[in-house]
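In what follows, every heavy atom counts, from backbone to side chain, and hydrogens, waters and symmetry copies are set aside. As the structure lists them, so they are numbered: ligands from 1, and atoms in each ligand from 1.
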Amino acid sequence: MKKLIIINGPNLNLLGTREPEIYGSLSFTEFLEKIKEKYPNADLDYYQSNVEGELVNKLHEVGFTYDGIILNAAAYTHTSVAIGDAINAIKTPVVEVHISNTFSREEFRHTSYVSPNARGVILGFGLQSYELAIQSFL
Ligand code: CA2
């Protein structure tokens, strides 16, 4: 059984409440229930934080024992050298995901401190981006 974790960054706890045209209308916890049922052979954990350092701490905590990390660092993707460095410092492979296609949005969303150190990047498929990342580890 593969031990995986989804780590979500700032504001993703509000998913399903606003901007449904970009992010959909399902809350992340509703989505998680479905996904856990669909992939019973993944031991899937979930963590969300709005705080940059807490995301770094979680990467350190899971980054030497888990089989895979699915990371949507949200806005920190585009700003956080600390998260980029943390991915570099751990052993567990990270797949970067985004719900939206960040390249069809504002210029500031076109850079990522996560991508250079990620095993792969999946973006633009809505919540299905997370599912594709799980499949990549299975
Ligand atoms: O598309 C993605 O997954 C993003 O990582 C989402 C981030 C954004 O800053 C990235 O550029 C792309 C923002 C998440 C905001 O989530 C919301 C949830 C509910 C209502 C409004 C925003």
Exercise for the section: Considering only non-hydrogen protein atoms, determine which one is nearest to atom 19 (C) of ligand 1 and report residue, atom name and distance to 0.1 Å. Expected result: Leu14 O, 3.3 Å
Handout entry: Protein residue, atom and distance nearest to atom 4 (C) of ligand 1, heavy-atom basis
Key = His98 ND1, 3.7 Å
Exercise for the section: Provide the number and element of each atom of ligand 1 under 4.0 Å from a heavy atom of Ala75. Expected result: 9 (O)
Problem - Side chains of Tyr66 and Asp45, donor plus acceptor under 3.5 Å - result: yes
Handout entry: Aromatic plane relationship, Tyr130 with Phe28 - under 30° parallel, 30 to 60° tilted, over 60° perpendicular
Key = perpendicular
Practice task
Return the orientation label for the Phe103 and His110 ring planes: parallel under 30°, perpendicular over 60°, tilted otherwise.
Solution key: tilted
Exercise for the section: Tell me which protein heavy atom sits closest to atom 22 (C) of ligand 1, plus the residue, atom name and distance to 0.1 Å. Expected result: Tyr23 CE1, 3.7 Å
Problem - Interfacing atoms of ligand 1 (cut-off 4.0 Å, heavy-atom, Ile99) - result: 1 (O), 2 (C), 3 (O)
Exercise for the section: Using a strict 4.0 Å cut-off to heavy atoms of His78, name the atoms of ligand 1 that fall inside it. Expected result: 10 (C), 11 (O)
Problem - Crowding at NZ, Lys36 (>12 non-hydrogen neighbours, <6.0 Å) - result: yes
Exercise for the section: Check ligand 1 against Leu12 and write out every atom of the ligand that is under 4.0 Å from a heavy-atom position of the residue. Expected result: 14 (C)
Handout entry: For ligand 1, the portion of Asn72 having any non-hydrogen atom under 4.0 Å away
Key = side chain
Handout entry: Backbone of Asp43 reached by a side-chain donor or acceptor of Lys2 within 3.5 Å
Key = no
Handout entry: Cation-aromatic face contact Lys58/Tyr47, 6.0 Å, 45 degrees
Key = yes
Exercise for the section: Say whether, by atom type as modelled, one donor and one acceptor occur between the side chain of Glu37 and the main chain of Lys34 under 3.5 angstrom. Expected result: no
Fill in the blank from the handout: Honestly, for Arg109 the part within reach of ligand 1 (heavy atoms, under 4.0 Å) is side chain
Practice task
If you have a sec, work out which protein heavy atom is nearest atom 21 (C) of ligand 1 and how many Å separate them, to one decimal?
Solution key: Glu19 OE2, 3.4 Å
Completion exercise
Counting heavy atoms under 4.0 Å, the part of Thr102 that contacts ligand 1 is side chain
Problem - Nearest protein heavy atom with distance in Å, relative to atom 1 (O) of ligand 1 - result: Ser100 OG, 2.6 Å
Practice task
Say whether Glu96 and Thr77, considering side chains only, have a donor N or O and an acceptor N or O under 3.5 Å apart.
Solution key: no
Fill in the blank from the handout: For atom 18 (C) of ligand 1, the closest protein heavy atom turns out to be Asn11 O, 3.4 Å
Problem - Any donor-acceptor N or O pair under 3.5 Å, side chains Glu52, Asn50 - result: no
